[in-house]
Amino acid sequence: ADDVPVWVRVHVSAGRRERLRAGDLVGALLNAAGLAKDDVGRIQIREGFALVDVRADSAERAARGLNGATIRGTRIVARLDRR
């Protein structure tokens with residue numbers, strides 16, 4: 001199982017347009033999903049969405065925790081970004 005990626009990307013349905021900030025996502029991941037700070041990697045905030053790198057073994061929990069959460073008044077849809 002050496003070919004398993006250490007980081008998995010989670011696609012989040014809100015971005016710059018919703019005034020989403022990286023700190024908002026980190027907070028939601030730590031609080032709603034119960035992740036540790038070390039589980040969260042690079043966060044890219046784009047215009048209409050955001051991409052969050054999380055440790056592979058926390059990815060499912062991260063997507064579940066963010067999905068349906070409300071951040072800055074916006075209901076979030078989150079899914080694993082399968083490329």
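In this chain, numbering begins with 1 at the start of the sequence shown.
- Taking the charged nitrogens against the carboxylate oxygens, Asp81 and Arg79 do have a contact shorter than 4.0 Å, which makes a salt bridge.
- Side chains of Asp24 and Arg72 form a contact here, defined as non-hydrogen atoms less than 4.5 Å apart.
- Here the shortest heavy-atom pairing between Arg75 and Ser13 reads O-OG, 4.0 Å.
- No option in Ile76, Val77, Asn67 other than Ile76 meets the side-chain contact (heavy atoms from CB on, under 4.5 Å) test with Val12.
- For the pair Asp39 and Leu29, the minimum side-chain heavy-atom distance is 4.5 Å or more.
- Listed here is the closest heavy atom pair of Gly65 and Ala33: CA-CB, 3.9 Å.
- No more than 12 heavy atoms of other residues, nucleotides or ligands lie within 6.0 Å of CZ in Arg21, so this atom counts as exposed by the packing criterion.
- In this structure, CZ in Arg64 is found 10.0 Å from CG in Leu80, a value given to the nearest 0.5 Å.
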Kindly list each side-chain donor-acceptor pair under 3.5 angstrom involving residues 41-59, sequence neighbours excluded, with atom names and distances?
unit_1, atom_1, unit_2, atom_2, d
Gln44, OE1, Arg46, NH2, 2.4
Asp53, OD1, Arg9, NE, 3.0
Arg55, NE, Asp38, O, 3.2

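- The minimum heavy-atom distance between Ala78 and Ala63, with the atom names listed, is CB-O, 3.8 Å.
- To the nearest 0.5 Å, atoms CG (Leu66) and OG1 (Thr70) are separated by 11.5 Å.
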